[in-house]
Amino acid sequence: MAAAPEEFPTDPAAAREVQEGLRQRVRLEPYHGPVERVAGVDAAFLGDQVVAVVVVLRFPELTVEEEAVAVRPVPFPYVPGLLSFREGPAVLEVFRAVANPPDLILFDGQGIAHPRRLGIAAHLGVLLDRPAIGVAKSRLTGTFDEGALGAEKGARVPLTEAGEVLGAVVRSRTNVRPLFVSPGHRCDADSAVDWTLACCTRYRLPEPTRLADRRAGEHKRERRSHG
DNA sequence: GCGACAG
DNA sequence: ATCTTGTCGC
């Protein structure tokens with residue numbers, strides 16, 4: 001069954017209203033697991049199509065247990081702050097193909113570190129009703145003390161806005177650009193950072209998100225050459 | 001009015 | 001996000 005149209009409007013103004021309503025369903029609380037499965041989600045674009053990928057890993061082994069792909073037409077333009085309306089429908093569809101529900105989900109984007117506190121990880125975390133974390137490669141909103149952020153892996157400094165803690169800027173690897181981690185749903189800033197770091201090995205991106213990103217690229221490549 | 005702006 | 005090879009540096 002397709003998502004109800006009112007949940008994913010085609011109009012930016014209506015989309016912002018949906019966010020204002022859903023933000024009230026976000027639950028910020030410590031999350032201590034236990035985690036047996038961690039999923040990574042990512043989306044890629046090919047022409048007018050969205051390629052959504054979810055990779056489920058075993059934790060703490062971080063070995064791939066299953067993956068799924070969904071392709072759908074792009075439903076919304078890219079508008080800063082409304083990313084989930086562009087990738088959300090495809091992501092929800094790909095999750096319907098996942099056999100074992102993951103205990104935790106890592107998204108490529110913001111959690112509550114968003115203008116209306118409903119980045120893609122918060123939005124989809126609520127709809128999927130699962131602990132979710134936003135792991136973004138760059139900042140959308142919020143400020144942080146750049147000088148206070150150490151260069152060593154594990155270093156972190158709070159990302160705030162008007163005194164509110166939105167998440168943290170985290171060094172996932174020594175001497176690499178930091179990640180912007182924020183809770184999406186059913187976790188808080190500290191646990192979000194801890195779980196994210198627990199999924200980081202030798203790369204800047206945590207394994208779940210990194211593998212989903214790689215898989216999305218592979219599917220695009222083969223889909224581009226064939227039919 | 002002038003920037004900033006996840007992917 | 002996407003168009004794209006080799007190359008510099010830890």
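Each chain gets a letter, A, B and so on, in the order its sequence line appears, and its residues count up from 1.
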Would you say a side-chain N or O of A:Arg221 is under 4.0 Å from OP1 or OP2 of C:dT2?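 No, because none of the side-chain N or O atoms of A:Arg221 sits under 4.0 Å from OP1 or OP2 of C:dT2.
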For A:His123 and A:Leu22, what are the C-alpha separation, side-chain angles and deciding distance, and is it a side-chain contact (heavy atoms from CB on, under 4.5 Å)? CA-CA 7 Å; A:His123 188 164; A:Leu22 289 176; 3.4 Å; yes
Restricting to non-hydrogen atoms, name the atom on A:Pro30 and the atom on A:His32 that form the minimum distance, rounded to 0.1 Å.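 Closest approach of A:Pro30 to A:His32, heavy atoms only: CB-NE2, 3.7 Å.
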Mind running side-chain contact (heavy atoms from CB on, under 4.5 Å) on A:Glu161 and A:Thr141 for me, showing each step along the way? CA-CA 8 Å; A:Glu161 186 165 280; A:Thr141 191; 2.4 Å; yes
Enumerate the residue pairs fulfilling ring pair (Phe, Tyr, Trp, His ring centres under 6.0 Å) with a member in residues 94-122 of chain A, sequence neighbours excluded, ordered by first and then second residue.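 Sorted pair list comes back empty.
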Can you list every ring pair (Phe, Tyr, Trp, His ring centres under 6.0 Å) pair that touches residues 126-183 of chain A, not counting sequence neighbours?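 Found A:Phe144-A:Phe180.
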Is A:Arg37 paired with A:Glu66 through a side-chain N to carboxylate O contact shorter than 4.0 Å?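 Here A:Glu66 does not pair with A:Arg37 in a salt bridge, since their nearest N and O are not under 4.0 Å apart.
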Check ion pair A:Asp194-A:Arg156 (N to O, under 4.0 angstrom):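 Yes, this pair counts.
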In dot-bracket, 5' to 3', how would DNA chain C read with Watson-Crick or G-U wobble pairs under 3.5 Å, [ ] for crossing ones and | for pairs to another strand? ..........
Tell me every residue that passes salt bridge (charged side-chain N to carboxylate O under 4.0 Å, His left out) with [X], counting only those two or more places apart in sequence or in another chain.
X        : answer
A:Arg58  : A:Glu36, A:Glu65
A:Asp190 : none
A:Asp188 : none
A:Arg214 : A:Glu218

Once pairs are restricted to Watson-Crick or G-U wobble with both distances under 3.5 Å, how does DNA chain B read as a dot-bracket string, [ ] for crossings and | for other-strand pairs? .......
Going by the angle between their ring planes, with limits at 30° and 60°, are A:Phe76 and A:Phe85 parallel, tilted or perpendicular?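 The arrangement is tilted - the two ring planes meet at 30° to 60°.
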Under 4.5 Å between side-chain heavy atoms, chaining through other members, with only Ile, Leu, Val, Met, Phe, Trp and Tyr counted: pull out the rest of the cluster around A:Val35, sorted by chain and number.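 Members besides A:Val35, by chain and number: A:Tyr31, A:Val38, A:Val51, A:Val53, A:Val55, A:Leu57, A:Phe59, A:Leu62, A:Val64, A:Val69, A:Val71, A:Leu104, A:Leu106, A:Ile133, A:Val135, A:Val170, A:Leu179, A:Val181, A:Val193, A:Trp195, A:Leu197, A:Leu205, A:Leu211.
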Pick out the pairs of N or O atoms, protein on one side and nucleotides 5-10 of chain C on the other, that lie under 3.5 Å.
none

Any donor-acceptor pair under 3.5 Å linking the side chain of A:Arg204 with the backbone of A:Arg177?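 Yes, the answer is positive, given that a donor and an acceptor are paired below the 3.5 Å cut-off.
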Looking at A:His185 and A:Arg27, would you say the former's side chain and the latter's main chain have a donor-acceptor pair under 3.5 Å?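 Checking the backbone N and O of A:Arg27 against the side chain of A:His185, a donor-acceptor pair under 3.5 Å is found.
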Within the 4.0 Å limit for protein heavy atoms, which parts of nucleotides 2-7 of chain B are touched? Write it as a string from 5' to 3', B for base, S for sugar-phosphate only, - for none. --SBBB
Of all of residues 179-215 of chain A, which get a heavy atom below 4.0 angstrom from DNA chain B, listed by number?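 Under 4.0 Å from DNA chain B: no residue of residues 179-215 of chain A.
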Answer with base, sugar-phosphate or nothing: what part of the nucleic acid does A:Ala113 contact at a heavy-atom distance below 4.0 Å?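 Contact class for A:Ala113: none.
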